[in-house]
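What you see is a predicted model, and the numbers here were worked out from it, not measured in a lab.
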There are 2 protein chains.
Amino acid sequence: MKPRSRRSGGRPTIADVAKRAGVGAITVSRALREPERVSEDLRRQIARVVDELGYVPDPNARALASARADVIGVLVPSLTNNVFAEVVRGIYDGLDDSRLQIQLGNTHYSGLEEERLLRVFLSQRPSALVVSGIDQTPAARKLLEEAGCPVVQIMEIGPDPVDMMIGFSHFEGGRTVTRHLVDAGYRKIGFIGARMDPRSQRRLSGYRAVMERAGLFDPRLITTTTTPSSVSLGRELLRDALAKVPTLDAVFCNNDDLALGVLFECHRAAIDVPGKIGIAGFNDLDMTGVAFPSLTSLRTHRYEIGRRAISMVRATIAGERPEQPVVDLGFELKQRESTARTA
Amino acid sequence: MKPRSRRSGGRPTIADVAKRAGVGAITVSRALREPERVSEDLRRQIARVVDELGYVPDPNARALASARADVIGVLVPSLTNNVFAEVVRGIYDGLDDSRLQIQLGNTHYSGLEEERLLRVFLSQRPSALVVSGIDQTPAARKLLEEAGCPVVQIMEIGPDPVDMMIGFSHFEGGRTVTRHLVDAGYRKIGFIGARMDPRSQRRLSGYRAVMERAGLFDPRLITTTTTPSSVSLGRELLRDALAKVPTLDAVFCNNDDLALGVLFECHRAAIDVPGKIGIAGFNDLDMTGVAFPSLTSLRTHRYEIGRRAISMVRATIAGERPEQPVVDLGFELKQRESTARTA
DNA sequence: GCAAGTGATGGTAGCGCTACCATTGTTTGG
DNA sequence: CCAAACAATGGTAGCGCTACCATCACTTGC
């Protein structure tokens, strides 16, 4: 760790490059940002000097001068949740070699924390903002509307986008899984949910809509908690559910971690799956297909959501307003052994 | 999305606050950064005006003027790997309400990508750098040594820290798990590994050291691939391993995802666990304790690593050089049903 | 043949903040 | 009582870059 003088520690500046290349500083700046506006000759010349000197532009100076940082603020509710981890991976992959940077914030499923982080991010004048879900606080929504940059709401779609949106309907997802269970012949279909953030709530609504329509609804079939989701919690919730309704014959798990916990508990208690109890998960993580018996789940396109959110942002920044500001990526039901009743 | 003029879009600046509070700009700056150097009176006065105006300092201007951004660059090899997701969570939690920001980079297990990201990060003059592992390329190592800021290498410890280090010995981890399997009475103990990054390699070395010492080593017991790890891969690798050595009686899985895949494959092939085959994992994710049979694993303190890495950085920035520049957080063997042979 | 346009380049003036030094009043030690 | 130290505050001069406007050579169209 060696000290650094105020004067940039000897790092070359744009002026150094300009002098050495025998051009004005502004031409160097342009050659780097809008090469097509600089003649072939100078461009090559400048590129050579940049290489020789190892010049790297200072992003802070750039941001200060242009009142715009090459940063995309991204807010997700969790980093350990595998689903969001994949969204974030898609986001990073979507950058390619653009000079954009990601500023990641973890809201911990709190609207107020989202609001706070939004203010922090906005102080940097980001090039774009990506937020999760559609349930921002009114203040957060106002901040987004006045952000002065493209905004993408991800993971979910709804009627009233701030700007752009990409995701799918959790209500429809919940309906699809539940309908599958009903069609498979299950009747006492429980719902098991952890965290119960707004998206989980809408899956539950989908479940309820189908169950009521089929005349199968019973509030005692629903077992939820606001505790964060985990595999071990799945086990506990199944126990609770069975204690309430011993005749339970299927469970729709709010996510695959819970489903895995339920599956293990069934093994442990020697409950036959899918004969005695059917199990369906949500998201379709890698393990669902490998589990024994393999787990039915609803595949969601989370990596794609991240990736395309960044595409939309980049298109907007480049001035091409995307034709579709709201993109529904849908989902795909993966029927597997855990709901294949041999009845 | 409304346009923004060059002049800050009307956002209040430090000069606005200074004028309104009837003090010099520099005093406002100090009141915000080193409150103890400003008198009680003025401090309160300034705080009031800051509130009234909704003043938020511009981090870019601050970084430019002070040649130091309040940013910690963090480089991890993967974001979807649950282990690193927890490290990252620990890192974010370690920030508390310091004004530091995290700049996250994903190296995808590539030394060259790490080098590239390091250069990008350094162009911002970060307050600190956190990198994963101890196997930087020579060029990356040089960049770290000349970074002019605190550097923490995480997840692993080794003999030659760039600056600070926090983690544990993967070699010892590998030894501990293998010794446990030998002690439990297993003899044909296979090693199953995916990705095989340097840390996995050292776990394998630990395995090999114990096996050779016990006179049990056989290269055919080792089944690895450079493919990224996943649950489904665990299943495939177990099949491969059994094809090579049908008498295999235990497997040490490089991580818990693989162990879960192995467990499911055993279920599917009706192989008794732990009677016919013992299974041990690595990292001790939440599901290991819930699995049926529950999985033996080696608990690693990854959240703690992230959290304490940031503590060390903050202490260093505050001028208190931590007494211990290299911290070994160790690990903890969790013996469970999957290796409890009833011989 | 000339006004108007176009393309390439450069000079100037900041962006909003803090490092550095200067200034003022107040305390301290001998 | 006075030099020296200190504590609190402020002025000035940038940090490295780009927006804005100007300049200059060349077209181009009529």
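- The distance between atom CZ of A:Arg44 and atom P of C:dA8, rounded to the nearest whole Å, is 15 Å.
- The side chain of A:Ala65 lies closest to C:dC15 when the candidates are C:dG16, C:dT18, C:dC15.
- Summarising the geometry, the separation between CG on A:Asp70 and P on D:dC17 is reported as 13 Å, rounded to the nearest angstrom.
- The side-chain contact (heavy atoms from CB on, under 4.5 Å) search around A:Leu79 returns A:Val76, A:Leu104, A:Asn106, B:Val88, B:Tyr92, not counting sequence neighbours.
- The distance between atom CD of B:Gln45 and atom C1' of D:dG10, rounded to the nearest whole Å, is 16 Å.
- One interatomic measurement links the two molecules: NZ of B:Lys19 to P of C:dG16, which rounds to 13 Å at whole-angstrom precision.
- With rounding to the nearest 0.5 Å, the separation of CZ in B:Arg314 from OG in B:Ser127 is 11.5 Å.
- No donor-acceptor pair closer than 3.5 Å links the side chain of B:Asp70 to the backbone N or O of B:Leu100.
- Across the protein-nucleic acid pair, A:Arg125 atom CZ and C:dG16 atom P stand 6 Å apart, rounded to whole Å.
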Every protein N/O lying under 3.5 Å from an N/O of nucleotides 9-12 of chain C:
residue	atom	partner	partner atom	Å
C:dT9	OP1	A:Ser39	OG	2.9
C:dT9	OP2	A:Ser39	N	2.8
C:dT9	OP2	A:Ser39	OG	3.3
C:dG10	OP1	A:Gly24	N	3.3
C:dG10	OP2	A:Gly24	N	2.8
C:dG10	OP2	A:Thr27	OG1	2.3
C:dG10	N7	A:Arg30	NH2	3.0

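- Residues that satisfy the salt bridge (charged side-chain N to carboxylate O under 4.0 Å, His left out) test with A:Glu304, not counting sequence neighbours, are absent from this structure.
- To the nearest angstrom, C1' of D:dC20 lies 13 Å from CD of A:Glu34.
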Original post:
Taking it one step at a time, do A:Thr137 and A:Glu115 satisfy side chain to side chain donor-acceptor pair (under 3.5 Å)?
Top reply: CA-CA 7 Å; A:Thr137 65; A:Glu115 216 176 293; 2.7 Å; yes
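- One finds no side-chain N or O of A:Arg68 lying less than 4.0 angstrom from the OP1 or OP2 phosphate oxygen of D:dC17.
- Per the geometry, CZ belonging to A:Arg62 stands 8 Å off C1' belonging to D:dC17, to the nearest Å.
- Rounded to an integer number of Å, the gap from A:Arg43 CZ to C:dG7 C1' is 13 Å.
- By the 4.0 Å N-to-carboxylate-O rule, B:Asp97 lies too far from A:Arg116 to be salt-bridged with it.
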